[in-house]
Structure formats: structure tokens, C-alpha cells
Asks: 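Sharing a structure, written as C-alpha cells. Questions coming.
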Amino acid sequence: MSKENQSVNDQRRRIGDEFDRAVDPLKQYDENFTQMQEDGVDPFEMFLDDIVRDSHRMRSTVGEYERAIRHFKEYVTKQGRHPACANDTLVLEFAEYEFQDQDNGKDTVKTKLNYVNQAYSYFQRENVFPHSPDYSPIDSAWEKISWPDEEEKDYPKVTRAEMRDALDDITHMFKLAVILMGLKLGMRQGEIRNVKLKDFHINNTELLNNFPELGSHRRLDGRKNAIFIPSRYNRPGNKSRNPRILPLDDEMRRVLTQYLLIRPDCGEPWVFLSQTHHERIRDKDGINRHWREQIRPHISAEEYEKELTSHFGRHWFSTFWKMENPIGKEYAQYMRGDKIGDGREGDTIDEYLHAYYPDIEDQYRNEIYKLL
């Protein structure tokens with residue numbers, strides 16, 4: 001396998017093989033715990049009886065432990081794994097399920113996972129369990145979870161006319177491009193900083209001559225005038241659970257073309273480069289400050305001032321496709337890179353992209369709002 005194609009998970013497996021370390025260390029015990037379950041053994045009930053119920057905790061707190069553990073057990077069991085043998089991927093998926101399907105907030109999910117983690121710590125301490133103190137699926141997953149920023153739930157109402165006026169004053173192509181990618185594609189600031197030349201195609205002879213790698217990502221599969229946005233699993237710094245391909249409309253293509261024709265040619269694969277060092281932008285403020293400087297002065301909503309960051313563009317994009325111009329729930333989820341709850345998440349990435357992109361392409365190109 002080439003270095004170019006090795007994802008984080010590929011590299012994790014390779015390192016595990018090299019040092020004889022299991023990527024999924026508790027999987028080997030799944031069958032044992034499933035068999036013991038048929039004999040009436042429930043490790044989580046042991047934890048609750050031994051530590052939680054027989055303690056000084058209030059009854060309401062005990063109830064919170066019981067609910068959190070019950071919800072975790074139900075979810076992991078449905079995925080075909082005994083809940084005492086979870087891995088960090090299952091924990092990530094449980095957190096996503098709680099956020100998206102159960103509409104729980106960050107604090108609620110953190111509390112639930114903390115209670116479950118206490119059970120895993122109990123398994124590690126009790127010498128009858130095979131759980132090594134070196135691995136807890138909750139600890140392993142914690143830093144990888146995309147915790148929502150709950151302070152950014154309310155946004156000012158900005159009309160398209162107001163946004164057009166704000167964009168009309170931006171003459172710097174770099175600034176216009178990064179703002180427009182949030183508004184037109186719903187991309188997070190990390191995803192914008194992470195875009196590589198190979199990730200999108202623009203059918204422009206001059207561009208293709210200057211940047212032969214443009215649009216060469218294998219996921220684009222020959223699609224013209226489109227962008228591929230990798231998931232968090234294949235591009236560190238991205239947050240979306242699922243990858244997506246989105247069309248580039250005429251406005252987005254025009255701005256990207258104008259930017260690329262003046263972009264420093266320094267051999268970097270990244271589309272957007274630091275204006276001072278001509279390397280990948282490493283600080284999220286490298287995107288957000290352009291929202292502060294270019295957009296906020298045009299929006300009279302002081303109480304929402306802190307919300308006018310790059311994430312506002314994603315909110316604006318989502319609101320349009322969910323409320324103003326409904327495209328259907330699963331297609332809106334696809335366009336945001338969210339989990340899709342129709343069973344297709346078991347498909348390969350190629351099958352997934354082929355299933356959804358053709359369904360949204362024409363509607364997107366015909367109905368996406370004009371801002372320039």
C-alpha cells in the first residue's frame with residue numbers, strides 16, 4: 001500500500017501488526033461474555049450492585065447510572081457486540097447516535113460516557129475480568145469524539161441580500177473563497193484548511209495545465225466540477241463522520257479559479273496557504289478571522305456577534321437545504337457529512353458516494369442560492 005493511501009486506521013493496524021498489539025483488544029472476549037450472558041452473568045449489573053446501588057448516592061443519581069448504562073448496552077448489543085467488549089469505534093458511534101438521533105447535548109453525552117467508563121474501570125480493577133488497565137474504549141475514543149459547540153445554536157437571521165452586500169465588498173480572492181466554501185458547501189473551517197488540490201475538479205484548461213493534480217482524487221471517479229470532502233477517519237482535522245462529494249456551482253468555480261491563478265506555486269498540496277509562510281494554515285483563526293473582518297461589519301446583530309464565525313456558513317447551508325428548500329432528510333445529512341440512518345452506512349465508501357451524489361447533483365446545481 002502506498003504512503004498516499006494509508007489512512008489513520010490503516011496505519012493503526014500496521015503499527016499493531018508490527019508490535020503484536022490488538023487494534024480491537026476486547027473483541028477476543030466477546031464470545032465468552034455472550035455465552036456467560038446466557039448463564040445470567042451481566043458485568044454491568046455487577047458494577048451497579050457492587051459500586052453504585054450499595055452506596056451513599058441519591059436514588060436519582062443511581063437512576064442516571066442505570067439509564068446511561070442501559071442505553072449504552074442496548075446500542076452496542078444492536079451492533080452485534082457484547083457491551084463489555086466495546087471498542088473505541090463503537091463508542092464514537094454511540095456518541096454520534098446520542099447527538100443526532102436522540103438530540104442529546106454535549107453535557108448529557110459526557111455524563112453518560114463517564115458513567116459507562118466507571119464500569120470499565122471496575123472491570124479493570126476486578127481481577128476476574130480480562131480487561132487490561134492499558135485499554136478502555138471510552139478513554140481511547142474521548143478525544144476523537146466531535147463534541148458539538150452548544151454555544152452556537154442560535155444564529156442571526158441574515159438575508160441573502162445582506163450576505164450579497166457583505167460579499168460584494170470582498171476583493172481579496174483568498175478571503176472570498178474560504179468564506180464562500182462555508183456558505184455554498186457547508187464546510188467547517190478545518191475541512192477548508194484541509195482541502196488538497198486533488199480533492200476537487202474544475203473544468204478549466206488553464207487551471208488543469210497549471211495544476212495537473214487537480215481533481216485527481218480517486219473518489220471523484222472522473223466527476224467534473226465537484227469536490228470530495230474526506231471524513232475524519234481519512235483526513236485528520238476533518239470532523240464529519242462520512243465523506244461526501246458535492247457539486248461546485250458556477251460562482252464557486254469562478255472564485256476558486258481566480259484564487260488558484262494567483263496562488264503561490266510552492267509545491268504544497270493544500271489549496272489554501274498561509275499568506276505569510278505559504279504553507280498549510282494550521283490555526284482555525286486563519287479562517288475565522290476573515291468572517292470577523294469581512295462579514296461581521298455588515299451584519300447588525302451585536303448579540304450574535306460571537307456566532308458569526310465560519311460555522312455560521314455551515315448553519316446557513318444546512319438551514320437552506322433542511323427548511324427553505326427541503327431536499328429530504330437523508331440527502332441533507334449526506335450533504336453535511338452526517339450519519340445517515342437508512343442502513344446504507346454499511347456500504348463501502350464507493351457504494352455510498354455512488355448512491356447519494358447522483359441524487360443530489362442536479363437539484364444542487366439548479367437550486368443553490370446565488371451570492372455574487
Side-chain angles (χ1 to χ4, degrees), residues 96-97 99-101 103 146 148-149 152-164 166-167 176-192 195 199-200 219-220 223 225-232 238-256 287 291 295 299 304 307-345 349 352-372:
E96 191 105 4
Y97 165 79
F99 291 137
Q100 294 191 17
D101 294 10
D103 200 27
S146 297
D149 190 342
E152 295 190 356
K153 284 190 173 179
D154 294 326
Y155 295 91
K157 306 300 182 187
V158 181
T159 66
R160 278 193 275 284
E162 290 173 318
M163 188 59 73
R164 289 188 191 107
L167 296 175
L176 182 58
V178 298
I179 291 173
L180 204 62
M181 291 190 90
L183 291 167
K184 287 260 184 176
L185 299 166
M187 294 177 69
R188 298 177 174 90
Q189 57 81 19
E191 294 170 333
I192 295 171
V195 175
D199 294 338
F200 68 91
R219 298 296 184 196
L220 285 173
R223 292 187 173 92
N225 297 323
I227 183 170
F228 173 68
I229 305 167
S231 73
R232 64 193 184 201
N238 286 7
K239 287 191 174 182
S240 294
R241 169 175 174 153
N242 286 333
R244 59 210 190 266
I245 296 174
L246 294 176
L248 296 175
D249 77 332
D250 58 338
E251 290 184 343
M252 193 75 254
R253 296 198 306 273
R254 185 168 74 250
V255 170
L256 283 172
I287 303 297
W291 280 83
I295 302 299
I299 307 301
Y304 292 107
E307 317 302 350
L308 284 169
T309 65
S310 59
H311 199 71
F312 175 76
R314 182 170 170 82
H315 162 77
W316 218 55
F317 175 85
S318 302
T319 300
F320 177 77
W321 292 113
K322 287 181 177 180
M323 312 264 309
E324 297 179 40
N325 199 58
I327 195 172
K329 181 179 179 181
E330 69 182 60
Y331 295 120
Q333 289 172 328
Y334 165 80
M335 291 165 72
R336 285 171 46 89
D338 294 340
K339 173 185 174 182
I340 297 177
D342 71 343
R344 289 185 185 174
E345 63 266 30
I349 291 177
Y352 168 82
L353 295 173
H354 281 294
Y356 284 99
Y357 180 72
D359 290 345
I360 64 98
E361 181 181 14
D362 287 344
Q363 186 171 351
Y364 181 100
R365 294 194 190 279
N366 292 332
E367 299 177 9
I368 187 66
Y369 34 77
K370 301 298 181 184
L371 296 175
L372 302 178

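None of these values were measured; they are calculated from a predicted model.
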Asks: Quick one: side chain to side chain donor-acceptor pair (under 3.5 Å) partners of Arg253, sequence neighbours excluded?
Replies: none
Asks: For residues 316-323, please give each side-chain donor-acceptor pair under 3.5 Å, one per line with the distance, not counting sequence neighbours.
Replies:
residue : atom : partner : partner atom : Å
Trp316  : NE1  : Val158  : O            : 3.2
Ser318  : OG   : Arg314  : O            : 2.8
Ser318  : OG   : Arg336  : NH1          : 2.6
Thr319  : OG1  : His315  : O            : 2.8

Asks: Please list, chain by chain and in numerical order, all residues satisfying side chain to side chain donor-acceptor pair (under 3.5 Å) with Glu361, sequence neighbours excluded.
Replies: Tyr357, Arg365
Asks: If we ignore hydrogens and angles and just use 3.5 Å, is the side chain of Tyr364 paired with the main-chain N or O of Leu248 as donor and acceptor?
Replies: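 Side chain of Tyr364 to backbone of Leu248: no pair is present.
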Asks: Identify the two heavy atoms, one from Ile287 and one from Ser310, that lie closest to each other, and give their separation to 0.1 Å.
Replies: CG2-CB, 4.0 Å
Asks: Using 0.5 Å steps for rounding, measure from the CG atom of Leu180 to the CG atom of Leu256.
Replies: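 Answer for the CG-CG pair, Leu180 versus Leu256, is 8.0 Å.
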Asks: Does the Glu251 side chain pair with the main chain of Leu372, one donor and one acceptor, at a distance under 3.5 Å?
Replies: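 Yes, Glu251 side chain to Leu372 backbone: donor-acceptor pair under 3.5 Å.
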Asks: Using a strict cut-off of less than 4.0 Å between a Lys/Arg side-chain nitrogen and an Asp/Glu carboxylate oxygen, indicate whether Asp250 and Lys370 qualify as a salt bridge.
Replies: yes
Asks: Determine yes or no for a side-chain-to-main-chain donor-acceptor pair under 3.5 angstrom, with Arg244 supplying the side chain and Ile229 the backbone.
Replies: no
Asks: Mind checking side-chain contact (heavy atoms from CB on, under 4.5 Å) for Lys329 and listing every partner two or more places apart, or none if nothing turns up?
Replies: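 Residues passing side-chain contact (heavy atoms from CB on, under 4.5 Å) with Lys329: Gln333.
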Asks: Mind checking what makes side chain to side chain donor-acceptor pair (under 3.5 Å) contact with Asp249, not counting sequence neighbours?
Replies: Lys184
Asks: Can you list everything that forms a side chain to side chain donor-acceptor pair (under 3.5 Å) with Glu324? Sequence neighbours excluded, please.
Replies: Arg160
Asks: Okay, side chain of Asn242, backbone of Asp338: is any donor-acceptor separation there less than 3.5 Å?
Replies: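 Answer holds: yes.
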